[in-house]
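Structure first, commentary second.
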Amino acid sequence: MMIESGTAPDASTAGYLIRALCRDGEPTVAYHVLRDVSRKRIIPDVVSITQLISAFSKCGNFGRVSEILHLMIASGSQPDLFTYQEIINALCDGAGRTAMVDEAFRIFNDLKLKGYACDVVTYTTMIDGLCKSGRMEEALLLWSEMVANGIQPNNYTYNAIINGYCKSGNIDHARKLYDEMLSKGFKESTVSSNIMLAGLCLHGRLADAINLFAEMPNKGIHRDVITYNTLIQCLCKEGKTSDAIELYSSMLATSIRPSISTYTPLIMVLCEEGRMTDAMELIKILEAQGLEPLVCTNDFIISGFCRVGNAEKGMAWLSRMLQSNLKPRAETMDRLVECLCSLGQVDCALQVVKKMFDISYILGSSVCHLLISKLCGVDSYQVCELLNEIVLVES
DNA sequence: ATAGGGTTAG
């Protein structure tokens with residue numbers, strides 16, 4: 001309407017639109033606004049373009065990020081520390097999966113060379129990224145460099161490094177840093193407690209973990225869904241299933257709502273113990289709360305039904321999975337074939353095998369042997385050995 | 001005229 005009425009949009013018009021579109025999760029539309037106005041030599045403010053860069057960084061579209069940076073610089077506008085902070089943060093994100101920490105580190109070091117004054121947030125982001133990819137030595141070097149530059153670590157920085165120590169197995173160093181953090185006047189928080197809790201759990205120090213959990217309210221630290229999930233997962237891992245379920249029950253008595261990560265370890269351990277009725281009860285509960293089981297939970301359930309010899313239920317869940325376009329793990333299919341064979345339901349087993357072929361899985365050799373044995377009524381290992389011998393003799 | 005950054009489980 002504005003353009004049709006003959007009023008030319010300016011940089012502010014574009015800036016408003018770009019920020020609003022980014023906020024509403026429409027970065028591609030925002031990008032087209034930027035392209036449109038830049039053709040008329042109109043360049044929105046750095047804040048708006050930074051939001052756009054942030055949106056594309058977060059979804060991993062670094063090609064587009066680089067393009068916008070070039071457009072920005074070519075039109076005489078300079079990205080600032082916030083702009084690069086968003087890119088570095090996104091490159092560090094991904095929990096080791098898609099983390100491009102090397103690239104983040106390159107940009108970070110480049111920033112210093114270009115004369116940008118990195119601050120506590122930039123340093124902390126980079127330290128956290130290095131810690132998360134297991135590069136503790138470099139993270140500690142950066143910490144020293146930061147302090148040498150007159151920037152004091154804050155509670156975020158401490159949490160990043162404490163988390164790094166916890167994850168890399170040095171729980172005693174983590175503890176030392178924790179005490180140092182407290183001595184500098186930074187307060188314990190839900191986040192710092194959750195980090196230590198996860199560290200203790202990771203190293204099997206269940207008694208210490210339970211103690212920390214118990215002490216949180218005494219110290220005035222609020223427990224959140226992550227606190228509960230971390231301890232529930234730990235109890236499940238340590239075989240304390242009834243304690244895990246008890247903790248889950250006590251969680252329901254609080255105002256904290258369980259998440260899918262509350263249920264996943266509980267259902268997994270119930271399936272492993274063959275407690276399929278209890279597992280299915282939890283599935284019903286989580287679905288009633290509008291949650292959806294993870295793909296791996298479906299695998300646990302099928303394997304669990306196989307474990308208790310209920311191939312029929314296992315088959316039903318497999319169908320449910322395939323109908324939802326979820327891909328079961330190959331081992332899950334193997335378990336089901338094995339279970340059906342042991343029940344003498346070779347035809348059903350072959351149906352599963354057909355479904356495996358449909359999703360382009362290859363039969364494992366042990367399942368192959370099992371099927372051949374069932375179909376031929378002979379021990380296929382012996383047949384194979386015989387065949388091998390024949391091949392040897394002939395060659 | 002308006003407005004931007006970092007943490008914990010999975």
Side-chain angles (χ1 to χ4, degrees), chain A residues 10-20 22-23 44-55 57-58 79-97 104 108 111 116 118-132 146 151 153-167 174 178 181 186 188-202 209 212 216 221-237 256 258-268 291-297:
Chain A
D10 66 3
S12 301
T13 323
Y16 284 128
L17 274 175
I18 289 170
R19 283 205 303 276
C22 287
R23 184 199 58 205
D45 58 288
V46 183
V47 175
S48 303
I49 300 182
T50 297
Q51 296 293 316
L52 187 56
I53 284 175
S54 169
S57 295
K58 285 197 172 79
D80 62 14
L81 194 60
F82 287 74
T83 317
Y84 286 113
Q85 160 69 25
E86 292 287 356
I87 298 167
I88 291 169
N89 189 35
L91 285 168
C92 286
D93 207 55
R97 183 172 38 94
F108 176 81
L111 223 47
Y116 287 90
C118 288
D119 62 10
V120 67
V121 177
T122 334
Y123 270 105
T124 301
T125 303
M126 199 60 242
I127 287 171
D128 189 43
L130 289 167
C131 284
K132 285 199 176 110
M146 182 180 88
I151 302 161
N154 61 18
N155 51 339
Y156 284 84
T157 325
Y158 272 104
N159 284 337
I161 214 91
I162 290 166
N163 189 38
Y165 273 133
C166 283
K167 294 290 183 297
Y178 203 92
M181 175 180 82
F186 296 111
E188 293 183 90
S189 65
T190 302
V191 173
S192 70
S193 299
N194 287 348
I195 289 170
M196 281 305 293
L197 184 68
L200 293 168
C201 288
L202 186 67
L212 192 154
M216 282 175 75
I221 302 167
H222 178 255
R223 299 194 285 220
D224 68 3
V225 67
I226 297 179
T227 319
Y228 277 92
N229 288 355
T230 303
L231 192 53
I232 287 172
Q233 186 195 37
C234 180
L235 290 166
C236 289
K237 196 182 75 183
I256 304 162
S259 70
I260 197 60
S261 305
T262 315
Y263 293 102
T264 305
L266 286 169
I267 294 169
M268 181 188 81
L291 298 170
E292 208 180 316
L294 297 183
V295 180
C296 70
T297 302

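Below, chains carry the letters A, B, ... as their sequence lines are ordered, and counting in each starts from 1. Heavy-atom basis, side chains included; hydrogens, waters and symmetry copies ignored. Note that this is a predicted model, so its numbers are computed, not measured.
In this structure, Asn229(A) reaches the bases: a heavy-atom distance under 4.0 Å links it to at least one base atom across the strands shown. Nucleic acid contact for Ser189(A): none, since no nucleic acid atom lies under 4.0 Å from a heavy atom of the residue. Within 4.0 Å of Thr50(A), counting heavy atoms only, lies at least one base atom of the nucleic acid. Among the protein residues, Ile88(A) comes within range of no part of the nucleic acid, since none of its heavy atoms lies under 4.0 Å from any strand. If you check every strand for non-hydrogen atoms under 4.0 Å, Ile195(A) touches sugar and phosphate atoms only. Looking at heavy-atom distances under 4.0 Å, Thr264(A) makes no contact with the nucleic acid at all. Across all strands, Tyr16(A) comes closer than 4.0 Å to base atoms (heavy-atom distances). Using a 4.0 Å heavy-atom distance criterion, Ser48(A) is classed as making no nucleic acid contact.
For the pairing with Asn194(A), the side chain to side chain donor-acceptor pair (under 3.5 Å) check across Asn229(A), Asn163(A), Asp224(A) returns one residue only, Asp224(A).
If you check the side chains of Gln85(A) and Thr125(A), you find a donor sitting under 3.5 Å from an acceptor. Between the side chains of Tyr178(A) and Ser192(A), a donor-acceptor pair is found at a separation under 3.5 Å.
Ring centroids of Phe108(A) and Tyr123(A) are separated by less than 6.0 Å, placing the two rings close together.
Taking the side-chain hydrogen bond (donor to acceptor under 3.5 Å, both in side chains) definition, one finds that Thr124(A) meets it with Thr157(A), sequence neighbours left out.
Along DNA chain B, the stretch of nucleotides lying under 4.0 Å from any heavy atom of chain A spans, 5' to 3', dA1(B) to dG10(B).
Of all the heavy atoms in Thr190(A) and His222(A), the pair that sits closest is OG1-O, 2.7 Å.
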